[in-house]
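Here the structure is laid out as structure tokens; the discussion comes afterwards.
Whatever order the structure lists ligands and atoms in, that order sets their numbers, starting from 1.
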Amino acid sequence: MSIPELNSAFDVQDFLANYWQKKPLYIPQLIPGFKDPISPEELAGLAMEADCESRLLEGTEPDSWKLSQGPFTESRFTELPDDGWTLLVQAVDQWNEPVFDLKQLFRFLPQWRIEDVMVSFAANGAGVGPHFDYYDVFLVQGSGERNWQIGPKYSSKSKLKNCSGLSILEEFEAVADYTLQAGDALYVPPQYAHWGKSQQRSLCYSIGCRAPSAAEILEGYSDFMIDRCEPEDRYTDPLTQMPKRRGEIDTQSVSNSFRKLVETIDNEENYYRWFGQFATRPKIQNSISGPEQPYTETELLADLTGGAVIAINPSSRFSFLELKPGGKTLFFVDGESIDLAPQLSWFAHSLCKAPEISKQDIKKITQTPESLAYILRLLNQGSLISY
Ligand code: SIN
Ligand code: CO
């Protein structure tokens with residue numbers, strides 16, 4: 001199957017300046033000549049796998065829906081009626097190479113921001129009801145037609161009803177209406193309501209973004225900082241006199257404790273490190289594992305000089321952050337960080353240019369012991385693969 005391409009008429013600069021995180025955009029023929037990267041049968045096959053997250057929504061009216069979680073048996077699919085059900089499969093890019101290729105088209109966004117590609121197959125008349133998500137999403141239409149109604153921006157204060165475990169807007173008023181055909185797309189910013197209804201049997205590819213909530217950031221960064229606390233880092237109070245009022249908590253001591261807390265978290269390098277680790281956490285935990293027989297440095301060197309290809313494991317996430325221009329680089333791989341001195345920053349840049357390390361960079365790696373050691377480590381943990 002040929003690798004899809006974005007329509008050359010799609011103006012990325014205009015999109016980023018005027019629509020990204022601002023307002024919805026209908027993009028006819030974002031991917032001209034679009035062919036489904038996965039068939040409905042293959043999608044159903046994935047939904048039968050225990051490690052793959054999938055849901056089946058039966059019924060056309062939210063009030064009478066039935067939502068079931070996968071994995072499903074084959075007979076579950078053969079017994080379904082012709083109309084009125086939707087199969088939703090999460091992170092299909094992790095299981096299917098052509099869907100992974102589709103995700104690569106969105107490289108005009110920072111790589112870490114793309115969370116996954118969810119694929120939905122909807123029978124005639126089906127849809128998941130009027131709702132909003134807290135992240136940006138590109139809805140790319142595959143075969144069949146789907147009608148999308150777009151509403152205004154809603155919030156956590158908007159009235160919702162729980163329909164079989166899905167949060168549906170109680171009041172939805174469409175402000176725009178589009179019927180999407182293969183290759184057409186809709187960009188929907190966070191909190192904008194949308195409601196898709198399949199006109200026939202249709203496939204839709206939702207390219208969703210990673211957008212941590214303030215609560216997740218607070219929790220994640222706190223956990224990261226907790227791991228760095230020593231038992232002797234404790235509350236202290238330089239008491240100079242006896243408490244005047246029984247039961248009173250002395251504001252001066254609490255304020256000292258508060259200042260210490262603020263000083264502990266007010267460390268940009270720590271925060272950047274946590275952020276990069278968070279941003280590169282694999283979508284599916286335990287999806288990355290090294291070879292049964294770890295490589296030795298001698299084997300690796302022999303393979304590399306013999307022309308071996310080093311590629312990124314499609315489940316792996318690589319990113320980097322330069323602390324200041326020309327300074328140390330924090331290189332993030334699958335939720336871990338590696339500190340690179342400025343003269344090794346090229347190594348991070350090279351590995352982030354997925355899917356394969358260039359021949360020129362392989363030569364450089366074989367000549368630089370530190371980078372060779374990192375390649376060995378990443379191969380043995382499964383973030384890189386060699387063939
Ligand atoms: C769908 O594929 O039907 C739902 C996708 C979405 O609303 O984000
Ligand atoms: Co949605």
* **Centroid-centroid under 6.0 Å between F224 and F278 rings** => no
* To do: Please write down residue, atom name and distance for the protein heavy atom closest to atom 2 (O) of ligand 1.
  => S120 OG, 2.7 Å
* Asked: Would you say W148 and ligand 1 have an N/O pair spaced under 3.5 Å apart?
  -> no
* Determine, for Y19 and K23, whether the Lys NZ or Arg CZ falls below 6.0 Å from the six-membered ring centre while staying within 45 degrees of the axis. => yes
* **Contacting atoms of ligand 1, where contact means under 4.0 angstrom from a heavy atom of D133** => 8 (O)
* Walk me through it: do W274 and F332 pass the test ring pair (Phe, Tyr, Trp, His ring centres under 6.0 Å)? => CA-CA 10 Å; W274 168 76; F332 304 105; over 10 Å; no
* Is there a nitrogen or oxygen of H131 sitting under 3.5 Å from a nitrogen or oxygen of ligand 1? -> yes
* Ion pair check, E216 and R210, cut-off under 4.0 Å -> no
* Under 4.0 Å between a Lys/Arg side-chain N and an Asp/Glu carboxylate O for R259 and E263? -> no
* **Interfacing atoms of ligand 1 (cut-off 4.0 Å, heavy-atom, S206)** => 5 (C)
* Structure fact -> Within 4.0 Å of some non-hydrogen atom of R146, the atoms of ligand 1 are 1 (C), 2 (O), 3 (O)
* **N-O pairing of D63 and K161 below 4.0 Å** => yes
* Asked: How far is atom 4 (C) of ligand 1 from its nearest protein heavy atom, and which residue and atom is that?
  -> V128 CG2, 3.8 Å
* What angle, to the nearest 10°, do the atoms OD2 (D133) and NE2 (H131) form about the Co ion (ligand 2)? -> 120°
